[in-house]
Each structure stands twice: as structure tokens, then as C-alpha cells.
Amino acid sequence: MSKESMKLITFHVQRYSPEKDQKPYLQKFTVPSKHGMTILDGLLYIKENIDSSLSFRTSCCMGICGSCAMIINDYPHLACHTQIEEFHTDTLTVKPLPNMPIIKDLVPDLQPLFERHKSVKPYIIRHDDRDEMEQPTVEFSQKPEELDSFLQFTYCIKCGICIAACPTSASTKEFLGPQALAQAYRYCADCRDGGQDQRLAVVGKDHGVWHCHFAAACSEACPKGVDPAMAIQLLKRKLVSKVVGGKANPPSPLIPIPVDTKPKVKAPDFTVKQK
Amino acid sequence: MAEIRHRKNSLGITGWAWAGKYKLERYLYLLHRLTGLGLMLFAMMHLTATTVFRIQGQEIWTATMDLLHNLWFKVGEFLVVTAFVFHALNGLRLVLQELGFALGKPVPPIYPYQDAIRKKRPLTIAMIVLIILLVIVFFYDFNVGGW
């Protein structure tokens with residue numbers, strides 16, 4: 001890359017060290033940017049070349065792990081998934097995700113998110129055969145169309161962007177939040193699951209699903225297209241259905257693991273000559 | 001060793017009162033809350049005027065009505081009607097969608113992602129057009145009645 005195609009970008013990064021700062025402040029850094037460079041690349045440049053004390057989370061650098069969610073120019077993004085050029089400006093402001101405490105600089109405390117996630121029992125619950133849950137010998141039946149009814153909601157990477165975008169999470173810290181509620185629906189909608197009543201008891205309480213007022217900002221900001229707002233509304237429908245006497249479908253039956261299956265499609269020929 | 005406390009970072013009331021770079025539905029949420037608060041304020045004022053002042057006799061009631069018969073209160077009444085129309089129709093949309101209607105079905109997230117509420121945006125736009133039409137009708141009615 002030639003020097004001509006480089007552009008200087010000013011990063012205003014929010015800094016806060018609990019050991020020495022009374023309150024957060026913005027610090028200015030100048031970063032040489034080139035075509036294709038992400039916000040995360042810019043932060044890594046600052047850490048490696050200007051100020052090694054800058055703290056932020058990062059891991060996969062490919063929008064899978066959800067570590068690097070932060071507020072970039074007043075909107076939540078994954079830093080690794082967002083290119084500097086997208087903003088069409090020379091000045092960027094980077095802050096930690098709101099609605100969760102700051103540990104240091106751009107590092108939010110995700111513990112409340114994980115606690116709420118755990119509270120909705122995000123796993124398959126079966127009552128018919130507990131041994132089968134621990135030592136599986138058979139399969140739980142599920143048709144492709146049954147999988148499609150919740151597949152979208154399984155893509156959550158727990159980055160916390162939906163909570164940062166949610167206006168209810170902003171003003172009510174006890175609110176379960178879009179992440180946990182969407183995951184509650186994801187398991188309630190899974191035909192293999194039999195724990196719907198347990199989850200509805202959790203999300204139907206105060207600060208549960210009825211605290212969502214459908215601003216849909218969570219779905220708009222979600223970097224993985226999970227659509228938590230839709231999952232939450234479908235969860236409300238399940239709650240209403242239960243109140244008016246609707247009953248949950250029984251969990252899908254156990255079926256023996258097929259032993260004599262044959263591939264329906266012939267394996268492709270080798271593209272490299274075999275010796 | 002001194003305990004290190006994490007810094008609170010909740011947006012608080014600005015989190016719902018400032019829609020910033022979010023799109024249409026986030027602004028509708030804000031407007032729904034504001035119109036709701038406005039209608040509640042109007043209801044309280046209205047109840048006060050028609051109970052407290054009324055039971056104090058004809059003279060006070062007439063004086064109150066004379067005070068209220070001016071352009072500013074007429075404009076206020078028009079805003080109340082506008083807020084009512086918006087709150088009622090947007091509320092109807094919210095009731096329908098919060099019960100899982102007019103949302104479509106979950107689909108695998110294939111980039112570029114489009115969530116349910118944005119797929120159903122034509123419904124929202126139709127609702128906004130209806131609100132605007134009704135507000136124009138009421139504006140005409142106010143004009144005919146005289147400000």
C-alpha cells in the first residue's frame with residue numbers, strides 16, 4: 001500500500017481506569033488508515049504503537065466471538081466487523097457498550113448478561129428420560145422445518161450489542177434484556193425441549209418479557225441478524241397462549257440412531273490426482 | 001488491597017429519550033411514549049377542569065371556559081387529537097405485533113440481514129399515512145370550527 005492511499009484518522013477513545021480516574025474521558029489518537037482497515041485494526045495500531053495501556057477485548061477478528069462490541073460514532077458495532085471507511089469521516093469516537101458497567105477503557109462487564117442468560121435455562125430440558133440427557137443412546141427427533149422455526153435465534157454470539165441498543169435496558173437494570181429473552185424463546189421453540197413452563201415462569205415475572213416495548217433497536221443493531229425483537233414478541237405470544245389455556249406441544253420423541261444410512265449424494269471425485 | 005469498583009455506565013432516561021442513529025421504529029417508540037405522557041397530562045387537566053372548577057358553581061365554570069377559549073388552547077386541543085390518533089393507531093400496530101401477528105416467520109440470517117419489523121415496514125408506513133390523513137381531516141375540522 002502506497003503512502004498516498006493512507007489517510008490519517010483521529011480516534012477519540014474513551015479511557016477509564018478504575019484505579020486512577022474519577023470519571024471516563026476521551027483521549028485523542030491519530031491513526032494512519034488504509035483501505036479495508038477495521039476499527040479493531042485502528043485500536044490494535046494504537047495499542048502497539050502509541051499507548052500500550054489501552055484496554056479492549058478482541059479474539060477471533062471475524063465477527064464470531066462477540067468480544068469487540070463497542071459504541072463507534074454513537075452506534076453499537078463489532079469493531080472487527082466494521083471498516084473505518086464505512087463512516088466517511090476522519091474523526092471517530094469509540095466508547096464502551098453502555099447499560100453494563102465499565103471494567104476499564106473499552107471493556108464492559110458482561111457478567112450481568114451471562115447471569116441473565118443462565119437464568120432463562122438456555123439448554124434442552126427433558127423430563128421423560130434424564131439418563132438420556134447425560135448418556136445419550138438415541139436421538140431427539142426434529143424435522144428441518146422444526147429447526148427453521150428457531151434456527152435464526154441460535155446465531156447469538158452474546159456480544160451485548162442488543163442490550164446496549166435497548167431503551168428499556170438503559171433505564172431498568174433489572175430487565176432481563178433482549179439477549180436472554182431471545183434465548184428463552186429459542187429453547188421454548190425447540191421441539192426437542194420440554195422446559196417451556198419453567199422458562200415462561202422466569203420471563204413472565206416483573207422485569208421480564210412484558211418490559212419490552214418493541215422499539216426493535218436490538219434487532220436493528222444485532223451484527224448477526226438474530227432478530228431478538230421478533231423472538232421476544234413470539235415469546236409474549238407463548239405467554240398469552242398459556243394464559244388462555246393453550247398447551248405446549250410435548251417434546252419430540254426419542255428415535256434410535258439410524259445405523260444403515262447411506263449418503264444420498266455421491267461424494268465428488270478427487271480434484272487432486274491420487275497416488 | 002483496595003476494592004476496585006466497576007464504573008456504572010447505564011444510559012438511564014437518555015437511553016429511551018434519545019433515539020440517535022436508530023431508525024423509524026425506534027422513533028415511533030419514543031413518540032408513542034411522549035404522546036402517552038401528553039395524553040395522560042391532558043386527561044388530568046381535563047378531569048381537574050371538569051370536576052374541581054365545575055362543582056364550584058356556574059360563575060367559576062364560566063370564567064374557566066372563558067380563560068380556555070383562546071388560540072393557544074385550541075392549538076393544544078389539536079395537538080391532543082394528533083397525539084390521540086398516533087397513540088391509538090401505533091398502539092394497535094404494537095398490540096398486533098407484540099402478539100406475534102404481522103411479523104412473518106423466523107428465517108435463517110443471510111447477509112444482508114433484514115429483521116422482521118423492517119420486513120413488515122410497509123405496514124408501518126401504511127399506518128403512518130393513515131395517521132397523516134386523519135390529522136389532515138381533523139385540521140380541516142378545526143379550521144371549519146374556527147380557531
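All values below were derived from every heavy atom in this structure, side-chain atoms included, with hydrogens, water molecules and symmetry-related copies excluded. Residue numbering restarts at 1 for every chain, and letters A, B, ... go by the order of the sequence lines. Please read these numbers as outputs of a predicted model, since none were measured by experiment.
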K.L.:
Can you tell which part of A/Ala221 gets under 4.5 Å to a heavy atom of chain B, answering side chain, backbone, both or neither?
P.N.:
side chain

K.L.:
Against chain B, label A/Gln111 side chain, backbone, both or neither, depending on which of its atoms sit under 4.5 Å from a heavy atom there.
P.N.:
neither

K.L.:
For A/Trp210, I'd like to know if atom CH2 has over 12 heavy atoms of other residues, nucleotides or ligands within 6.0 Å.
P.N.:
yes

K.L.:
Counting only heavy atoms closer than 4.5 Å, note whether A/Asn73 contacts chain B via side chain, backbone, both or neither.
P.N.:
both

K.L.:
Quick check: do A/Phe214 and B/Ile117 have side-chain heavy atoms less than 4.5 Å from each other?
P.N.:
yes

K.L.:
Any sub-3.5 Å donor-acceptor pair from A/Asn99's side-chain atoms to B/Leu11's backbone N or O?
P.N.:
yes

K.L.:
Is it the case that atom CD in B/Glu59 sees more than 12 heavy atoms from other parts of the structure closer than 6.0 Å?
P.N.:
no

K.L.:
Between A/Ser149 and chain B, which part of the residue has a heavy atom less than 4.5 Å away: side chain, backbone, both or neither?
P.N.:
backbone

K.L.:
What residue, out of B/Pro106, B/Ser10, B/Gly15, has the most heavy-atom pairs lying under 4.5 Å from chain A?
P.N.:
B/Pro106

K.L.:
So do the side chains of B/Arg26 and A/Pro167 get within less than 4.5 Å of each other, counting heavy atoms only?
P.N.:
yes

K.L.:
With a 4.5 angstrom heavy-atom cut-off, could you sort out which part of B/Leu28 is near chain A: side chain, backbone, both or neither?
P.N.:
neither

K.L.:
Identify the residues of residues 230-237 of chain A whose heavy atoms come closer than 4.5 Å to a heavy atom of chain B, ordered by number, or report 'none'.
P.N.:
A/Met230, A/Gln233, A/Leu234, A/Lys236, A/Arg237

K.L.:
Please step through side-chain contact (heavy atoms from CB on, under 4.5 Å) for the pair A/Lys23 and B/Arg7, ending with a clear verdict.
P.N.:
CA-CA 8 Å; A/Lys23 58 180 185 177; B/Arg7 171 94 188 171; 3.8 Å; yes

K.L.:
For atom CD of A/Glu115, is the number of surrounding heavy atoms from other residues, nucleotides or ligands below 6.0 Å larger than 12?
P.N.:
yes

K.L.:
Please state whether the side chain, the backbone, both or neither of A/Cys212 comes within less than 4.5 Å of a heavy atom of chain B.
P.N.:
backbone

K.L.:
Counting heavy-atom pairs under 4.5 Å to chain A, which of B/Lys8, B/Glu25, B/Gln114, B/Gln97 comes out on top?
P.N.:
B/Gln97

K.L.:
Salt-bridged, B/Arg118 to A/Glu220, with N to O below 4.0 Å?
P.N.:
yes

K.L.:
Considering only heavy atoms, which portion of A/Ala217 lies under 4.5 Å from any heavy atom of chain B: side chain, backbone, both, or neither?
P.N.:
both

K.L.:
Applying side-chain contact (heavy atoms from CB on, under 4.5 Å), run through A/His213 and B/Arg33 and close with a yes or a no.
P.N.:
CA-CA 10 Å; A/His213 303 300; B/Arg33 288 204 141 189; 3.2 Å; yes

K.L.:
For A/Pro96, is it the side chain, the backbone, both or neither that has a heavy atom under 4.5 Å from a heavy atom of chain B?
P.N.:
both

K.L.:
Is it the side chain or the backbone of B/Lys23 that comes within 4.5 Å of chain A heavy atoms, both, or neither?
P.N.:
both

K.L.:
Let me know if B/Tyr111 has heavy atoms under 4.5 Å from chain A in its side chain, its backbone, both or neither.
P.N.:
neither

